[in-house]
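No hydrogens, no waters, no symmetry mates; every other heavy atom, side chains included, goes into these values. Chain letters run A, B, ... following the sequence lines, proteins first and then strands; every chain starts at 1.
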Protein chains: 2
Amino acid sequence: MQHITNRHTLRERIVESGLKATHQRIVVYEALMELQGKHPMAEEVFQHLKPANPSISLGTVYKTLDTFAETNLVHKVLSEEGGKRFDANTMAHSHIYCSNTREIIDFEDEELEQLLQEFLQKRNLSNFEIRSFSVQLTGNKLDPEKQISITRVIK
Amino acid sequence: MQHITNRHTLRERIVESGLKATHQRIVVYEALMELQGKHPMAEEVFQHLKPANPSISLGTVYKTLDTFAETNLVHKVLSEEGGKRFDANTMAHSHIYCSNTREIIDFEDEELEQLLQEFLQKRNLSNFEIRSFSVQLTGNKLDPEKQISITRVIK
DNA sequence: TTTACTGCAAAATGTTTGCATAAGG
DNA sequence: CCTTATGCAAACATTTTGCAGTAAA
């Protein structure tokens, strides 16, 4: 799990991505770091950083997130609900979508990544240049106490 | 690859899913079959079936697709662009997203499915009940002639 | 100083809703 | 018949756009 990073480091990473390090970009990046694991949409990022930055506009948050995703500074996350979500964790990892809580939960598994890496290497698709891959698991979180499906608990 | 199926069969499948087999549902299902591999959104399904069914409404197409996805008659497909796409092919398969053409291309690979199935069985997540999984590959289609990235061809 | 970014507000896109009418079982 | 689905139009939610002004390098 990555940790909250100071602004100086965030600024450096933005510059390394070939972007101007504006105040807005720094605080958007910072917000994404603080929301790690939440896979927020633009609106959520905006709400998170607005109290400390009341002059920033929602449109800028949208543009900034797009720009970040284009330069691969952050990742776009596919969501069952159709919205555009973002993830500051750019380490290879997969996601579990819980159809009860509608959360997207990080699933980091070295072995799974390697398994797929090897598979793709071996398969070596001739008509595609694969740049990245990810696994989406769908299911239900289980009640940690009783170890039974939350579906059954809720309904 | 599944084939275009006649209305009688489509009707049967709708009924088997516990749904009323209305004319609208049959033609939406039929359109989805005819658009196999295209992973269309509601609007595209609507445009496809409108000429032959001018009285059907877009809202109905939206509702029908949602209903189908809920009963697992068709699958929702996660899309890089954020829209809601649907797939009448419910066999286990993966998708390749081409970032140049923005297409979602089916990738059917028995070995990959099995590899993951086994992995999940072995890993046996204690706090999740996994219902399904899929692999998303992202990359670029290669020019079939020259076998080089279409990125380079286009730009 | 130059270029790229921001804020704003408007527009475009995609999707859902409520309700009166119609159709399926 | 009774229930559920449809059509319609309006509302909603999300995202993009254009442009004048501002800030970064």
[atom1] of [X] versus [atom2] of [N]: gap in Å, rounded?
| X | N | atom1 | atom2 | result |
| --- | --- | --- | --- | --- |
| B/E70 | C/dT16 | CD | P | 10 Å |
| B/F46 | C/dT13 | CZ | C1' | 16 Å |
| A/I26 | C/dC5 | CD1 | C1' | 13 Å |
| B/E16 | C/dG25 | CD | P | 14 Å |
| B/L49 | D/dG7 | CG | C1' | 14 Å |
| B/I14 | D/dA5 | CD1 | C1' | 13 Å |
| A/K50 | C/dT6 | NZ | P | 18 Å |
| A/L65 | D/dT14 | CG | P | 14 Å |

Next item on the list: For D/dA23, take OP1 and OP2 only and decide whether either is under 4.0 Å from a side-chain N or O of A/Q24.
Entry: no
Note to self: Taking 4.0 Å as the cut-off, does a side-chain nitrogen or oxygen of B/Y62 come that near to OP1 or OP2 on C/dT16?
What the structure shows: no
Of the nucleotides [options], which has the atom closest to the [X] side chain?
| X | options | value |
| --- | --- | --- |
| A/T60 | C/dG25, D/dG7, C/dT6 | C/dT6 |
| B/M41 | C/dT16, C/dG14, C/dC8 | C/dG14 |
| B/L58 | C/dT6, C/dA4, C/dT15 | C/dT15 |
| A/R25 | C/dG7, C/dT6, D/dT15 | C/dT6 |
| B/S57 | C/dG7, D/dG7, C/dT6 | D/dG7 |
| B/K63 | C/dT16, C/dT17, D/dT16 | C/dT17 |
| B/K20 | D/dT14, C/dG24, D/dC8 | C/dG24 |

With sugar-phosphate meaning primed atoms plus P, OP1 and OP2, does [X] contact a base, only sugar-phosphate, or nothing at under 4.0 Å between heavy atoms?
| X | value |
| --- | --- |
| A/A42 | nothing |
| B/T22 | sugar-phosphate |
| A/T67 | nothing |
| A/L19 | nothing |

Please check if the side chain of [X] supplies one atom and the backbone of [Y] the other of a donor-acceptor pair under 3.5 Å.
| X | Y | value |
| --- | --- | --- |
| B/R25 | B/K20 | yes |
| A/S17 | A/L19 | no |
| B/H39 | B/G37 | yes |
| A/Q36 | A/M33 | no |
| B/N53 | B/I56 | no |

Note to self: Tell me if the side-chain of A/K84 makes a donor-acceptor pair with the base of D/dT15, cut-off 3.5 Å, by modelled atom types.
What the structure shows: no
Next item on the list: Could you pick out which residue, A/S55 or B/G83, lies toward the 5' side of DNA chain C when each is mapped onto its nearest nucleotide?
Entry: A/S55
Notebook entry, point to check: DNA chain C: B/H23 or B/D66, which has the more 5' nearest nucleotide?
Noted result: B/D66
Note to self: As a quick check of understanding, evaluate salt bridge (Lys or Arg N to Asp or Glu O under 4.0 Å) for A/E30 and A/R7, giving each step before the final call.
What the structure shows: CA-CA 7 Å; A/E30 186 180 47; A/R7 291 197 177 174; 2.9 Å; yes
